[in-house]
Student: 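I'd like to ask some things about the structure below.
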Amino acid sequence: MPKTLAEKVYDAHVVRSAAGEPDLLFIDLHLVHEVTSPQAFDGLRAAGRTVRRPDLTMATEDHNVPTLDILKPIADPVSRAQVEALRRNAEEFGIRLAPMGDRDQGIVHVIGPQLGLTQPGMTIVCGDSHTSTHGAFGALAFGIGTSEVEHVLATQTLPQYRPKQMAVTVDGELPPGVSAKDVILAVIAQIGTGGGQGHVIEYRGSAIEKLSMEARMTICNMSIEAGAKAGLIAPDQTTFDFLRGRPHAPQGADWDAAVEYWQTLRTDEGAVFDREVRIDAASLTPFVTWGTNPGQGLPISASVPDPAQIADENDRRDAEGALAYMGLTPGTPLRDIEVDTVFLGSCTNGRIEDLRVAAELLRGKHIDPDTRMLVVPGSVGVKAQAEAEGLDRVFTEAGAEWRGAGCSMCLGMNPDQLKPGERSASTSNRNFQGRQGKGGRTHLVSPAVAAATALTGKLTAPADLEPAELTSTGV
Amino acid sequence: MDAFTTHTGTAAPLRRTNVDTDQIIPAEYLKRITRTGFEDGLFVSWRTNEPDFVLNRPEYADASILVAGPDFGTGSSREHAVWALMDGGFRVVISSRFADIFRNNSTKAGLLTVLLPQADVEALWTAIEADPTTEVTVDLQAKEVTHELGGDVVRMPFDIDDYTRWRLLEGLDDVGLTERHLADIEAYEATRKPWLPKALPALPA
Ligand code: SF4
């Protein structure tokens, strides 16, 4: 029977299947960070269990890490205690840890691909909803809760039900200045924050095939914002080229065997999706969110919507609450919204290509004097690469702050937070109330829109700056 | 985890959609390394900033069933959201649509998430707003939510897969169940492709 890509990966990992029970799925890679793991390790200890496969487990510190003074102890005692708990647990259970200051440290979803630990056809989990990022390589990768983290640590498996299958097909040519972030924001606005619920989304079509790995990761990353269990993209030459030579990628004859297998990881002709969505790439424009969930987004040329025009009562109440929280008036052009802070970073848009795109727009210019811009590379590796390319200087000369690697203002567990009432344009993935700091107001944007916005102090598309100089960046 | 068979209590109407886990419990509370004691963070921003937020109203202070709008529990995978609801006295959340990870976490920690059609949710909202002392019973054995209205019993059947229901009824821990299949896990491991990556040892970049 023809199968989808996700079904192939799923089936290849079934350890045990019995009628009336969930399947038991083997997990090829378990990524761990400090926030969702301490209670899981406590559970192991209480039950006298060990970590079954430390060799398939990798831990790093990302959510709590300060992006300044990273070689000093963490000032916040509660954050410090959590990071120290991870260090103790990693040592006790024999798990590799990339701590602050380590060359492999970074956001968990940035370091997996960077090290070559993320490969096509694998099952990957992490106690973090954006694990879907790794689906960009054709892996089945999804977020889990702390009880499941404990389960994977103890058994290297997870009980799972077969997910439903959804195809999001994006065909055609993305217009100049329109990037992967705009694609996924448009998808979420179209299908809603619950639209992918119970499904794995396969992104396909000619516009997706043309994307770089970084851009594919941006798209898969935000599958969870559409409610999906996971998102994935069939591996191809772009994937193989990205992986070749990475520390944990197969080598020599193993590489050839791996590529041969990876090439079979495509949805079969005639495979059935439970739901299909089609998007014409040429119709897309830079997208920004105006509300407090990632589905509340519009093209930047639009205006703040009027809740009175929304028919569904629940959606209307939702929109009213969002506008009150965001301090916005219906009818205001999105381009007139002034921001205090621009955040470039996160597991959505904190990779080298994202930094390059933003740096190109900022090169030789200065950001708006009333706007602060924080640039936070996704990992120590990304930071080193950017510095080797001189991007750090482009940012600092433009008046932006160049910081250490971590989650930073994506969720403000470290000191990088918005103050009450402050407004940001952020390349992260969630505009929830208070996400970037109590009372903070977030507009989700692409790296290009972030950079253009930093220059003007208002939500701005790159095309508003210099239409002639722009080409499609693919990011 | 404690077994769940049936629960009777009063219910609070949370007429909001897209209640994400950042609202259920904000990130600052996630720095703790314990598994209990999260009640102070439950809906803290709404409880602090909105005097008439439903859980601030005395008539719903003792509610143990939360009746929420669609897309409850979206966003972050934090199981702390489930723990905070349980620490805050809730045994059941009812909604017409839950985010997958939240629902999964709830079944691991023993919080029952009940999926009802939106029309039933609206009817429950109306009933518990009209009379906040309405007792609602959630019976996992019979797979139905019931309450009394004008002397009649209103029955709302719900679906839940048999395996999860059995686990919740028995209060069984997943790890223990999986350990019974150790031989299957070992057999699978023997078939894994030899070139699959290992995190250990760390290799030079
Ligand atoms: S960058 Fe943001 S979304 Fe990504 S793992 Fe960190 S906190 Fe989560």
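Protein chains get the first letters and strands the later ones, always in sequence-line order, with residue 1 at the start of each. Nothing here was measured: the structure is a model prediction, and the numbers come from that model.
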Student: Do A/Asp28 and B/Arg192 sit within salt-bridge range, that is, some charged N less than 4.0 Å from a carboxylate O?
Tutor: yes

Student: Looking at B/Glu189 and A/Arg52, is any side-chain nitrogen of the basic one under 4.0 Å from a carboxylate oxygen of the acidic one?
Tutor: yes

Student: Can you tell me which portion of B/Leu182 sits under 4.5 Å from chain A's heavy atoms? Options are side chain, backbone, both or neither.
Tutor: side chain

Student: With sequence neighbours left out, what residues match B/Thr113 under side chain to side chain donor-acceptor pair (under 3.5 Å)?
Tutor: B/Arg103, B/Ser106

Student: Are A/Arg435 and B/Asp22 ion-paired here, with the side-chain N under 4.0 Å from a carboxylate O?
Tutor: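 Salt bridge between A/Arg435 and B/Asp22, a charged N being under 4.0 Å from a carboxylate O: yes.
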
Student: Students often mix this up, so state it plainly: with edges at 30° and 60°, are the rings of A/Trp262 and B/Trp195 parallel, tilted or perpendicular?
Tutor: perpendicular

Student: Side chain, backbone, both or neither: which part of B/Thr191 has a heavy atom under 4.5 Å from chain A?
Tutor: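 For B/Thr191, neither part sits under 4.5 Å from chain A.
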
Student: Between B/Lys31 and A/Asp76, is there a salt bridge with N-O shorter than 4.0 Å?
Tutor: yes

Student: Looking only at atom types and distance, does a side-chain atom of A/Arg96 sit under 3.5 Å from a main-chain N or O of B/Ala199, one as donor and one as acceptor?
Tutor: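 Answer holds: yes.
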
Student: Can we say A/Arg49 and B/Glu179 salt-bridge, meaning some charged N sits less than 4.0 Å from an Asp/Glu carboxylate O?
Tutor: yes

Student: Side chains of A/Asn314 and B/Thr17: any donor to acceptor distance under 3.5 Å?
Tutor: no

Student: Have B/Glu79 and A/Ser147 got a donor and an acceptor in their side chains that come within less than 3.5 Å?
Tutor: yes

Student: Quick check: closest heavy atoms across B/Ile101 and A/Ile144, and the distance to 0.1 Å?
Tutor: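 Scanning both residues, the minimum pair turns out to be CG2-C, 4.3 Å.
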
Student: With a 4.5 angstrom heavy-atom cut-off, is it the side chain or the backbone of B/Glu122 that approaches chain A, or both, or neither?
Tutor: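 When you check distances to chain A, only side chain atoms of B/Glu122 fall under 4.5 Å.
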
Student: The criterion is ring-ring contact (aromatic ring centres under 6.0 Å, His included); which residues satisfy it with A/Tyr161, sequence neighbours excluded?
Tutor: none

Student: Is it true that a side-chain atom of B/His181 and a backbone atom of A/Arg16 form a donor plus acceptor pair closer than 3.5 Å?
Tutor: no

Student: Any sub-3.5 Å donor-acceptor pair from A/Gln82's side-chain atoms to B/Leu30's backbone N or O?
Tutor: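 Yes; at least one donor-acceptor contact below 3.5 Å.
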
Student: I need the minimum non-hydrogen distance between A/Pro22 and B/Tyr163, along with the two atoms involved.
Tutor: CD-CD2, 3.1 Å

